[in-house]
2 protein chains.
Amino acid sequence: MKPVTARCDSVWSVATIRELARLCGVSPATVSRAFNNPEVVNAKTREQVLRTARQIGYLPNESARTLATKKSFMVGLVWDTDHRRPGWRHPFFQEILIGLKTALSGRGYHLLMLATSGDMGGERTEDAYVRAVRRHNLDGVVMIDSGTWDPSLRQLSESGIPCVSLDRPVEGSRATYVTSDNAGGARLAVQHLHERGRRAIATITGPAHTRPGAERLRGYREELSRLGLPQRPGFVVEGDFYLSGGHAAMRRLLEADERPDAVFVAGDEMAVGALRAIGEAGLKVPEDIALVGFDDIEVAALVPPSLTTVAQDKAGFGTAAAEAVVSMINGADTPPPRILPTTLVVRGSSTPPL
Amino acid sequence: MKPVTARCDSVWSVATIRELARLCGVSPATVSRAFNNPEVVNAKTREQVLRTARQIGYLPNESARTLATKKSFMVGLVWDTDHRRPGWRHPFFQEILIGLKTALSGRGYHLLMLATSGDMGGERTEDAYVRAVRRHNLDGVVMIDSGTWDPSLRQLSESGIPCVSLDRPVEGSRATYVTSDNAGGARLAVQHLHERGRRAIATITGPAHTRPGAERLRGYREELSRLGLPQRPGFVVEGDFYLSGGHAAMRRLLEADERPDAVFVAGDEMAVGALRAIGEAGLKVPEDIALVGFDDIEVAALVPPSLTTVAQDKAGFGTAAAEAVVSMINGADTPPPRILPTTLVVRGSSTPPL
DNA sequence: CGGTTGCATGAAACCGGTTACAGCGAGATG
DNA sequence: CATCTCGCTGTAACCGGTTTCATGCAACCG
């Protein structure tokens with residue numbers, strides 16, 4: 001009888017450490033040690049404490065623990081959902097989040113989504129993030145590139161709180177970042193198009209002020225020179241990472257005097273826009289123009305023709321960010337920026353060769 | 001000079017309430033009241049406290065506050081990333097999350113992503129969620145339908161913690177759920193196809209054990225009877241919400257004796273698969289077969305022909321969930337299930353009419 | 001003018017953990 | 001046998017807020 005009742009209560013009981021100590025006939029200190037420094041407490045005592053704890057469903061109160069230790073085992077996620085075009089979506093936010101959450105959980109950390117400077121009411125100050133972190137005793141922070149540069153982010157990265165940024169370099173003694181090998185991926189793309197016999201290779205870039213945009217353009221240029229192909233100014237058109245921008249950029253490329261026979265598009269969403277513009281011009285992919293995108297988002301495989309693209313290690317972002325932030329929390333030196341390898345996924349938009 | 005230093009320090013100082021009280025020449029109790037019960041403290045005193053607080057950059061410690069009040073102003077998000085096919089993605093998780101976070105932030109709550117029973121190490125027990133909630137003094141919980149039914153979820157919803165589920169009915173005195181008007185959406189789809197002159201309307205359903213799957217099928221059937229169209233058993237094929245399932249289901253429909261001239265597909269991803277199967281069979285959409293999907297995911301607009309579909313109020317999910325959970329936290333009666341309206345988005349796959 | 005009322009405030013206990021320090025008994029050592 | 005170690009445990013202070021209760025004081029009333 002009794003055990004059953006106890007089992008039932010276990011979900012509900014709000015036993016404190018003193019209660020548990022009383023039941024075991026030991027002091028709260030010993031109970032605390034039984035959990036946090038098991039090796040320092042006598043084996044029999046420890047066993048009894050743990051057993052009794054299970055019976056009465058004792059759960060340590062994390063707020064009290066955080067208060068005493070100043071460690072919350074929580075990492076903040078800064079992800080600005082304002083300042084955005086309506087409907088803006090990070091190309092693979094969900095995959096990053098899964099990777100991040102899984103890796104953090106595995107290391108004993110939880111993830112707290114921080115309110116954005118925009119969506120908390122009166123507290124709209126520049127140091128809103130820093131304030132939130134301090135209030136909640138967060139051990140570290142991960143920030144996901146918001147496209148626009150929020151001065152609060154700089155404050156945060158320079159505040160000395162362990163801080164990992166995705167896809168954007170940051171300054172600060174305990175700040176680092178994770179990014180894909182954007183230049184390398186671009187080189188893969190250009191090289192692939194070259195192997196397929198294309199020689200007039202244009203590019204639609206991301207916004208110049210974004211890191212990935214700039215890096216992918218750099219890779220494109222580097223690979224062209226390596227291959228001994230000429231750099232034609234008219235072959236570089238800036239897009240905005242959105243479908244409409246890709247569409248517009250492609251139209252500009254088609255209207256120019258010289259038509260490319262291949263385009264490296266620095267983002268899959270833009271590539272879908274480009275695909276459409278090409279279709280509207282009465283041309284065919286890949287026969288008239290081959291296309292290689294970047295990101296390997298879900299649509300890339302679904303749209304006809306399916307899109308050859310440079311794939312990023314999406315879950316790897318989350319894992320790498322978690323590793324970096326946890327190691328800094330544990331006192332390790334600030335790790336260098338982590339560059340994740342990219343891979344080429346060949347699909348219909350670049351095959352068959354000419 | 002001094003003010004500047006103070007401003008600088010403000011980010012760093014770890015002033016406590018006693019420190020602040022000392023500086024103002026009042027007791028900690030008064031400071032606490034100045035923040036939490038402003039009306040009960042003398043106007044001049046209050047002003048001075050707030051001003052000084054700003055100067056020295058005082059920030060209340062949330063752990064201490066939670067410890068004392070047992071309110072954490074945090075809501076847990078249960079989102080199981082295990083048990084999944086690799087690469088599984090909720091059709092519009094990101095939009096829901098944005099809505100949820102924004103609505104919660106606006107109400108003064110933060111969102112804590114709970115580790116899944118799977119990804120925390122030793123603690124893999126059935127009451128893992130309940131334990132996490134209690135340890136962190138979470139005020140409430142939102143659970144996003146994980147597709148598979150985890151017994152821990154039932155424990156959670158029946159634990160008496162304010163709890164809102166998305167797309168799945170739940171039991172529990174302080175538990176409710178938010179869902180789209182799936183049946184109504186299905187009726188819209190069928191009605192639309194009927195208006196377009198189609199009479200042999202088949203359906204590819206979601207898994208029967210999922211709520212949205214069952215409801216959409218119900219709506220389809222209801223609308224058929226309302227329109228006086230016959231229910232042909234062969235016209236109902238079960239899919240799995242994934243592309244491949246939609247593809248397979250469509251093939252079964254095409255192989256049958258009687259070919260439909262329209263199909264209501266209970267999910268956009270399946271609809272893309274169906275689109276493909278139809279193309280492979282040498283038929284054309286919408287000329288031979290019209291298609292209406294469900295969800296209005298991003299690809300729906302991108303795939304050719306673009307997909308007519310039943311749109312769900314994606315951000316509305318998050319907002320409604322936030323409203324419900326916060327109202328329960330504030331002691332209101334458990335609100336009834338919230339059914340969000342759906343709308344028909346007409347695109348190429350169902351136009352022009354026959 | 002004594003007593004009531006109400007406002008503003010302070011003292012101290014409390015929330016539930018952690019941890020520095022002291023103490024205690026048993027076995028080892030000189 | 002006195003002393004020193006060592007392993008284990010308890011006492012009590014502390015983390016930084018909130019809240020109950022008591023109190024001082026001024027205004028108000030008859």
Would you give me the side-chain donor-acceptor pairs under 3.5 Å for residues 329-337 of chain B, sequence neighbours excluded?
{"unit_1": "B/Asn330", "atom_1": "ND2", "unit_2": "B/Val326", "atom_2": "O", "d": "3.4"}
{"unit_1": "B/Thr334", "atom_1": "OG1", "unit_2": "B/Ser173", "atom_2": "O", "d": "2.6"}

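One interatomic measurement links the two molecules: CG of A/Leu67 to P of C/dT18, which rounds to 11 Å at whole-angstrom precision. Here the P atom of nucleotide C/dG17 and the CZ atom of A/Arg18 are 8 Å apart, to the nearest Å. Rounded to an integer number of Å, the gap from CG of A/Asn42 to P of C/dG25 is 16 Å. To the nearest angstrom, P of C/dG17 lies 19 Å from NZ of A/Lys71. Rounded to an integer number of Å, the gap from CZ of A/Phe35 to P of C/dT18 is 9 Å. Rounded to an integer number of Å, the gap from CG of B/Asn36 to C1' of C/dT9 is 16 Å. A straight line from CG of A/Asn137 to C1' of C/dT18 spans 15 Å, rounded to a whole angstrom.
If you check every strand for non-hydrogen atoms under 4.0 Å, A/Thr16 touches sugar and phosphate atoms only. Here A/Thr45 lies in heavy-atom contact (under 4.0 Å) with sugar-phosphate atoms only. Within the 4.0 angstrom heavy-atom criterion, no nucleotide atom of any strand lies near B/Thr66. Residue A/Val26 is in sugar-phosphate contact alone, with no base atom involved, counting any heavy-atom pair closer than 4.0 Å across all strands shown.
Remark: B/Thr30 is not in phosphate contact with C/dT9, judged by side-chain N or O atoms under 4.0 Å from OP1 or OP2. Remark: A/Arg33 is not in phosphate contact with C/dT18, judged by side-chain N or O atoms under 4.0 Å from OP1 or OP2.
Residue A/Ala68 places its side chain closer to C/dG17 than to any other of C/dG17, C/dT9, C/dA11.
A distance-only check finds a donor-acceptor pair linking the side chain of A/Arg46 to the backbone of A/Pro38 [under 3.5 Å]. In this structure, A/Asp139 contributes its side chain and A/Lys71 its backbone to no donor-acceptor pair below 3.5 Å.
DNA chain C is contacted by both B/Glu39 and A/Ala29; B/Glu39 maps to the nucleotide lying nearer its 5′ end (nearest heavy atom per residue).
Heavy-atom contacts of chain B under 4.0 Å fall on DNA chain D between two terminal nucleotides, which in 5' to 3' order are D/dG16 to D/dT20.
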Using the rule given for side chain to side chain donor-acceptor pair (under 3.5 Å), can you reason through A/Thr66 versus A/Asn137, listing the C-alpha separation, both sets of side-chain angles and the distance that settles it, and then say yes or no?
CA-CA 8 Å; A/Thr66 298; A/Asn137 299 294; 6.0 Å; no
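B/Phe317 and B/Tyr177 have their aromatic ring centers separated by at least 6.0 angstrom.
Defined by atom type and a distance below 3.5 Å, a donor-acceptor pair is present between the side-chain atoms of B/Asn36 and B/Arg65.
Between B/Glu47 and B/Arg51 there is no salt bridge, since no side-chain nitrogen of the basic residue lies less than 4.0 Å from a carboxylate oxygen of the acidic one.
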